[in-house]
Amino acid sequence: MSEQKSSEQKPAEYSGPQRVFSGVQPSGSLHLGNYLGALVKFVAMQDQYPCIFCVVDLHAITVPQDPKLLAAQTREIAAAYLAAGVDPKKAIIFAQSSVLAHAELGWIFNCVARMGWVERMTQFKDKSSGKDAENISVGLFDYPVLQAADILAYKATHVPVGEDQKQHLELSRDIAAKFNRDFNAPGFFPLPEPIYQGPGARIMSLKDGTKKMSKSDPSDASRINLLDTADDIAKKIKRATSDSDLLPSDVKGLAGRAEAANLVGIYAVLNGQSEQDVLNEFGGHGFGKFKPALADLAVAKLGPVADTMRRLMNDPGEVDRVLKSGGERANEIAAPVMDEVRKVIGFWRP
Ligand code: TRP
């Protein structure tokens, strides 16, 4: 590598305030993986940073959604944020479509992002392969560009996401850097940092410990939905795939035992312990003892979350107030950023 020439000035870096932004799609029901991998982590961040948590309904319509259900699904995600413990007095909770800056900045970023960059996105390649490839929406291709706009409309500096969003976050950074360079506005946008959610970020299917727990898995038994009853939860855990060996007393003994590792991992995150702590208690025992303990723990931890979600969804007034005031507060942050963006680009202004 050649040395950096002393005459080459490094571009100025963003020096504004730090802010967290993340989003969850209102499509299908939330499961344990979303809860432990995203919502619980969001709650932990709200005391460290100013946080904005979005229900990304513009992203949801990249694939067909039922207009009769979309608003209810949006309320459901907002209810899940609240039930998990996101405090609307601290963090902003809002619906993406209620703040116009997302769509506007998304368009502007369409003109900054390069085809080659977006064509490399593996999530798009996975979703667009197959026989119906010609019939997917342009929006699905453009999805990660809108994601960059979500983050940068607030000049957010930190983005808690799952590892599967790594490439999308890199694209956001590339777009921010190119905008700053192209419009000669050094440090205008921050280069947002992903925060990968540590243990608990990868909750695997209850039927196959090598696949992520997913709302698109056709088998409902493969996941614990946030709104499952205590009975469902217990049944699903008892029927989860495991093996016939005893649990090891050391975490190293979980290597090569994907299902055992997943169940121990779930126990650990639900109980706020390390996997080794769990094995100190259950090592040497079989699943006949471990699964009922895990089922009890899961019911004890998730039951109250589900109850709160149901209460909020039965009386949407509270959720609607949160979303409305969240949208207003979000707009107050994004609107001045968009004013600056328009000025930097050189759009006509009265
Ligand atoms: N693409 C994200 C996901 O599937 C959701 C999302 C949309 C998001 N916009 C975002 C996440 C902005 C973080 C920041 O999980």
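Just follow the structure's listing: the first ligand is 1, and inside any ligand the first atom is 1. Both backbone and side-chain heavy atoms feed into the values below; hydrogens, waters and symmetry mates do not. Sequence positions, counted from 1, serve as the residue numbers for this chain.
In this pair, Phe282 and His285 present their aromatic rings perpendicular. The plane angle is above 60°, beyond the 30 to 60° band. Classified by interplanar angle (parallel below 30°, tilted 30° to 60°, perpendicular above 60°), the ring pair His168/Tyr143 is tilted. Relative orientation of the His102 and Tyr154 rings is tilted, given thresholds of 30° and 60° on the angle between their planes.
Side-chain atoms of His59 and Gln96 form a donor-acceptor pair, as typed in the model, at a separation below 3.5 Å. For the 3.5 Å distance criterion, the side chains of Ser29 and Glu76 fail to qualify, holding no donor opposite an acceptor.
A ring-ring contact (aromatic ring centres under 6.0 Å, His included) with His158 is found for exactly one of Tyr49, Phe42, Phe21, Tyr196, namely Tyr49.
Close contacts between ligand 1 and Val159 involve ligand atoms 13 (C), 14 (C) [criterion: under 4.0 Å to a heavy atom]. Atoms of ligand 1 found under 4.0 Å from any heavy atom of Asp150 (numbered from 1 in listed order, with element): 7 (C), 9 (N), 10 (C), 12 (C). Close approach of ligand 1 to Val56 is summarised as follows: ligand atoms under 4.0 Å from at least one heavy atom of the residue are 7 (C), 9 (N).
The protein non-hydrogen atom at the shortest distance from atom 1 (N) of ligand 1 is Tyr143 OH, 2.8 Å. For atom 5 (C) of ligand 1, the closest non-hydrogen atom on the protein side is Gly23 O, 3.6 Å.
At a heavy-atom cutoff of 4.0 Å, ligand 1 is contacted by the side chain of Val161 but not by its backbone. Of all the heavy atoms of Ile151, the ones lying under 4.0 Å from any atom of ligand 1 belong exclusively to the side chain.
Considering backbone and side-chain N/O of Gln165, one or more are found under 3.5 Å from N/O of ligand 1. No N or O atom of Ser22 sits closer than 3.5 Å to an N or O atom of ligand 1.
With atom 8 (C) of ligand 1 as the reference point, the heavy atom nearest to it among Gln147, His59, Gln123, Gln96 is part of Gln147.
Gln25 places no side-chain N or O within donor-acceptor distance of the main-chain N or O of Asp57, the cut-off being under 3.5 Å.
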